[in-house]
Each structure stands twice: as C-alpha cells, then as structure tokens.
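Just follow the structure's listing: the first ligand is 1, and inside any ligand the first atom is 1.
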Amino acid sequence: MLLRLPGVYPPQEDTWLLAETLAAESLGPRSRVLDICAGTGALSLCAAAAGAGHVTAIDISRRALATTWINARLRRRPVHVVRGNLTTPVRGRRFDVIVSNPPYVPAREDVLPTRGIERAWDAGVDGRMLLDRICATAPALLAPSGVLLIAQSVLSGVEKTQSMLEEQGLSVEIAARAEIPFGRVLSARVALFEARGLIKRGQRTEEIVVIRAVS
Ligand SMILES: C[S@@+](CC[C@H](N)C(=O)[O-])C[C@H]1O[C@@H](n2cnc3c(N)ncnc32)[C@H](O)[C@@H]1O
C-alpha cells in the first residue's frame, strides 16, 4: 500500500503495465534507474525492489516528490528524489534503465496546467507535449545498451514515439499492451475525442502501450 498525498496521481493500469515490463529487466546493485514523472514513486520502488542500487525519481510536483520520498523511506529503499522539469535535472548523467509514465491525455488546448492533479495527465491538444520532450532528450541519458520504457495511450500517437526514438538510433518495440475502460477524465472528453476523430462513435475503451527502446 502506497501513501499518497492529495493531488498526487494514484497508481493505476498504466503504472502497473509499466511496472510489469520494468520487472522483466535485469536490475542489480550497480543498475542506475531514472523514473521521470515519478508521482507516488510506485515505479521507483519497483526498480528498487527488483534490486536496482541507484534509483533517481524526478517530478515537477512538490507533493508528488514528498510522496515518493516518504514511500521510499518507509520501505528503506534507496530512491533519490529530485524536483524538476522532465530530464533537465539529470542532463549529462547516464542510466541503465529509464522509465516514464508521463502525462499523455489529449486536452482541449496546448497549455499545460501548472497546478492541480490535471498536471498528471493533460498533455496538450495531441497529448504529446511531454512525450515529445522525453523522446527528444531521454536517449542521450542512456548508457550503452540502456533501456527506455515509456507508457502512453494510442490516442497520443504511438508511431510518433517510435519514429522519434528510432531516428536517434534506438531499437524500438511495443513491450506490452492493455485495453482499459475510459475513466473519469476520458469519459468527460468523449465528445472532444469523437469530434477530432480520435475515437469511434460509442468507443469507451482505450489501448495503452509500453514502448521499449534500447540504445
Ligand atoms: C501519469 S502521472 C505518473 C505517476 C507515476 N509514475 C505512476 O505511474 O503512477 C504523471 C506525473 O508526471 C508529473 N509531471 C507532469 N509534468 C511534469 C514535468 N514537466 N516534469 C516532471 N514531472 C512532471 C506529474 O506531477 C505526475 O506526478
């Protein structure tokens, strides 16, 4: 059971799909893992529990980082928490595994929220405002043979993620898929998604995927 301060994203299907994929990676005391958009720290804790000796968790939200810090201390896990914008705080460092479950839900406008829990999912009109920045900057942080794991919805353009990572020389595959019912946030955007042609009429599920890219 994870502690969660108000306003912090509760781990859910995308978190657990990513956690399963992360658990299949080989991690040991020398493994350096970076969790971008850490939230409660669920994925950082999975990495630490799987044996990773050095885990760094980044989030822009103070409450999320406090939550990650508390959850790691309660379990005596070696998670280093850093507040910042995506990969900016760790520029120049190298990691064996980078995991990220970023905001990826298409929104009404291209303005990211600066506060509130919406910051955990809203990602601009195409849902890619954060995904594009992660795809552009994370590959340079990978150690040789390093692995990048990203969760996203098919509503936010899986092919673009794949092509951005392939253009930087990574080998890319879809490591996991799950069809999940719309929750509260997507249900409230059905008309918007239908109008944009993102979903079929009557569609009330989305597919989420985990993209695995190796340097
Ligand atoms: C979908 S939640 C994922 C949380 C957790 N990793 C999980 O899977 O349960 C996305 C997280 O990204 C954080 N976030 C949003 N914008 C960010 C940014 N520019 N830099 C770092 N973190 C950001 C939010 O605060 C939120 O905690």
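Pocket lining of ligand 1, defined as residues with a non-hydrogen atom under 4.0 Å away: Y9, P11, T15, C37, A38, G39, L43, D59, I60, S61, G84, N85, L86, N101, P103, R119, A120, L130.
Using modelled atom types, one finds no donor on one side chain facing an acceptor on the other under 3.5 Å when comparing D59 with Y9. The closest side-chain donor-acceptor pair between T161 and R128 falls under 3.5 angstrom.
Ion pairing between a basic and an acidic side chain is recognised when a charged N comes within 4.0 Å of a carboxylate O; E13 and R177 show no such pairing. With respect to D126 and K160, no salt bridge is recorded, no charged nitrogen being found less than 4.0 Å from a carboxylate O. Here E194 does not pair with K200 in a salt bridge; the nearest charged N to carboxylate O distance is not below 4.0 Å.
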Run N71 and R77 through side-chain hydrogen bond (donor to acceptor under 3.5 Å, both in side chains) and show every step you take. CA-CA 9 Å; N71 281 322; R77 295 296 188 193; over 6 Å; no
